[in-house]
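Each remark here refers to the structure printed beneath this line.
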Amino acid sequence: MSDSRNPVIGLLGGGQLGRMLCEAANPLAIDVAILDEENAPAKQAHNTSRHVAGSFKDPERIRELAAQSDVLSVEIEHVETGVLEDIAKNGVEVKQVDGSTKTYRPPVHPSWKTIRLIQDKYLQKEHFRACGKKIPIADQVAVESGPAALASLKEAAAKFGFPFMLKARKGSYDGRGNFKVSSEDDFDAAVKALGGLSLYAEKWAPFVKELAVMVIRTEDDGGKLKSCVAYPAVETIHEDSVCTKVFMPPRNVPETVCEAARKLATEVISTLWGRGVFAVEMFLLEDGSLMVNEVAPRPHNSGHYTIEAVPQMSQFKAQIHAVLDLPVPKQLTPRVTSSIMLNILGGATPSAHLQLAELARGAFDDDMDVYLHLYNKASKPGRKIGHITLTGATSTIHQLEAKAKPFIDLVNQIRL
Ligand code: ATP
Ligand code: MG
Ligand code: MG
């Protein structure tokens with residue numbers, strides 16, 4: 001329970017998203033207690049005696065965190081929601097100085113209900129199908145686990161044709177739980193790769209681009225929706241299922257489609273529960289229509305650009321404001337005309353990314369600002385260890401892309 005005048009956010013997870021949350025919290029004099037291993041990236045960025053060492057899946061440690069937080073939030077959705085539900089409903093016992101105990105009940109934002117729903121990608125989309133808001137999603141069917149999986153895959157193929165996507169319902173990130181099934185010949189490999197998990201199959205979405213929109217959701221203490229405010233739509237590029245680049249505004253996408261994406265994103269997030277910042281990943285199809293891929297109940301890689309492009313309320317400041325029920329703007333207007341975010345992924349050697357850091361440190365240009373973010377994580381091939389945001393004060397996204405070519409080339413080269 002907070003005993004200082006600074007509000008305390010208890011955060012499950014201390015990776016780069018928690019680190020950037022701490023960076024946003026520091027000048028606001030907001031305390032962030034991180035539950036993760038000793039010296040996790042987020043803990044390095046914020047000095048407090050409240051950090052808890054341990055796993056964000058461990059109920060006891062989560063209770064310890066809750067006992068000293070004004071609100072609990074997450075930087076990752078793969079957490080233990082049973083204990084979050086119990087804390088939200090029944091609270092935790094906190095020892096007083098006189099030896100007695102008192103029940104303390106910090107709120108959980110976003111709601112444990114939202115986190116639990118989003119954890120299961122199949123149920124998440126069933127919810128969007130049933131919510132009555134006409135949210136377009138890919139057709140999907142649950143797939144049996146174990147020996148019955150093969151028969152289930154045959155049914156999915158008969159329903160969707162090839163290719164289709166076999167996905168783990170839970171626990172996946174960076175496409176690690178996905179398997180593209182192109183023909184019957186892939187069935188064995190698909191079952192071998194994912195067979196032990198709870199699965200579903202999804203109809204292939206023949207998209208021309210992937211878009212994403214971040215949304216700030218606020219509600220009152222009674223759970224009544226106050227506002228859903230959308231950031232600009234961005235174009236996300238995935239390579240080997242990992243997001244590598246983000247373009248704001250999306251290249252060659254009409255403004256009407258970007259507006260439709262923002263509207264759809266707010267509709268999607270309005271059907272969930274609790275306060276916070278959310279990402280809505282979408283597919284843009286050939287006919288200009290949109291389809292929702294999945295939602296993240298937290299800051300997201302596609303929103304990193306907001307640190308410099310929407311500094312009055314970056315996605316991290318937005319998480320802080322939303323979960324603490326502080327005011328949020330009615331509109332989120334970028335301060336620049338264009339922005340590109342490039343992920344720095346660990347290269348073939350532990351120091352491959354340093355070339356990129358060097359290029360970023362020396363880049364000064366009248367119309368392109370360059371911002372380097374390294375997370376102080378050990379470099380492993382393909383691991384997200386930092387990002388670079390480039391912003392154009394007056395350039396179009398195409399002009400900024402041309403200027404950013406040396407960075408884009410080097411990012412691509414390190415990845416190979
Ligand atoms: P994240 O790291 O975003 O949480 P994830 O592991 O949950 O990723 P998805 O978002 O389901 O995985 O899929 C990863 C990528 O695979 C998508 O961004 C898209 O490029 C591709 N993809 C997913 N579903 C489909 C589909 N039904 N049809 C075509 N491509 C798809
Ligand atoms: Mg996901
Ligand atoms: Mg995804």
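Ligands are counted one by one from 1 in listed order, and the atoms in each one are counted from 1 as well.
In this structure, Lys159 does not pair ionically with Asp139, as no charged nitrogen and carboxylate oxygen lie closer than 4.0 Å. Between Asp174 and Arg383 there is no salt bridge, since no side-chain N of the basic residue sits under 4.0 Å from a carboxylate O of the acidic one. Under a 4.0 Å N-O distance rule, the pair Lys403/Asp365 qualifies as a salt bridge. No salt bridge links Glu358 with Arg361; every basic N to acidic carboxylate O contact stays at or beyond 4.0 Å. A salt bridge is absent between Lys121 and Glu202: the closest approach of a Lys/Arg side-chain nitrogen to an acidic carboxylate oxygen does not fall below 4.0 angstrom. Salt bridge annotation for Lys113-Glu85: absent, with no cationic side-chain nitrogen under 4.0 angstrom from a carboxylate oxygen. Salt bridge absent: Lys263 and Glu267 never bring a charged side-chain N and a carboxylate O closer than 4.0 Å.
No hydrogens or angles considered: a donor-acceptor pair under 3.5 Å links the side chains of Lys133 and Ser270. Between His46 and Asp31, the side chains place a donor N or O and an acceptor N or O closer than 3.5 Å (distance only, hydrogens not considered). When only modelled atom types and interatomic distance are considered, His387 and Tyr375 share a side-chain donor-acceptor pair under 3.5 Å. With no hydrogens or angles considered, a side-chain donor-acceptor pair links Thr271 and His127 at under 3.5 Å.
The contact set between ligand 1 and Lys203, taken as ligand atoms under 4.0 Å from a residue heavy atom, comprises 27 (N). Those atoms of ligand 1 that come under 4.0 Å of a heavy atom in Glu294, given as number and element, are 1 (P), 3 (O), 4 (O), 5 (P), 7 (O), 8 (O), 9 (P), 10 (O). For ligand 1, the atoms sitting less than 4.0 Å from at least one non-hydrogen atom of His238 are 18 (O), numbered in the order shown with element in parentheses.
For atom 27 (N) of ligand 1, the closest non-hydrogen atom of the protein is Glu202 OE1, 2.8 Å. Residue, atom and distance of the protein heavy atom nearest to atom 13 (O) of ligand 1 are Asn178 ND2, 3.0 Å. Regarding atom 20 (O) of ligand 1, its nearest protein heavy-atom neighbour is Glu210 OE2, 2.7 Å. At the top of the distance list for atom 25 (C) of ligand 1, counting protein heavy atoms only, stands Phe283 CZ, 3.7 Å. Protein heavy atom in closest approach to atom 2 (O) of ligand 1: Asp174 N, 2.5 Å. In terms of protein heavy-atom proximity, atom 30 (N) of ligand 1 is nearest to Phe207 CE2, 3.5 Å. Among all protein heavy atoms, the one lying closest to atom 11 (O) of ligand 1 is Lys167 NZ, 2.7 Å. Shortest contact from atom 6 (O) of ligand 1 to any protein heavy atom: Gly175 N, 2.7 Å.
Under 4.0 Å from ligand 1, heavy atoms of Ser172 appear from its side chain as well as its backbone. The proximity of Glu281 to ligand 1, defined as any non-hydrogen pair under 4.0 Å, is limited to the side chain. Residue-level proximity to ligand 1 for Asn293 is carried by the side chain, the only part with a heavy atom below 4.0 angstrom.
In terms of N/O distances under 3.5 Å, ligand 1 is not approached by His300. Ligand 1 has no nitrogen or oxygen under 3.5 angstrom from a nitrogen or oxygen of Gly177.
Atom 28 (N) of ligand 1 has its nearest heavy-atom neighbour, among Ala205, Ala296, Cys243, in Ala205.
Listed here is the closest heavy atom pair of Ser182 and Phe162: O-CB, 3.2 Å.
Looking only at protein N/O/S atoms, the ones less than 2.8 Å from the Mg ion (ligand 2) make 2 in total.
Other residues, nucleotides and ligands place no more than 12 heavy atoms under 6.0 Å from the NZ atom of Lys170.
Among pairs with a residue in residues 211-222, those fulfilling side chain to side chain donor-acceptor pair (under 3.5 Å) read Arg217-Glu219, Thr218-Ser227, Asp221-Arg275, at least two apart in sequence or across chains.
Within the 4.5 Å cutoff, the side chain of Val181 has no heavy atoms near those of the Met165 side chain.
A heavy-atom separation below 4.0 Å is not found between Lys180 and ligand 1.
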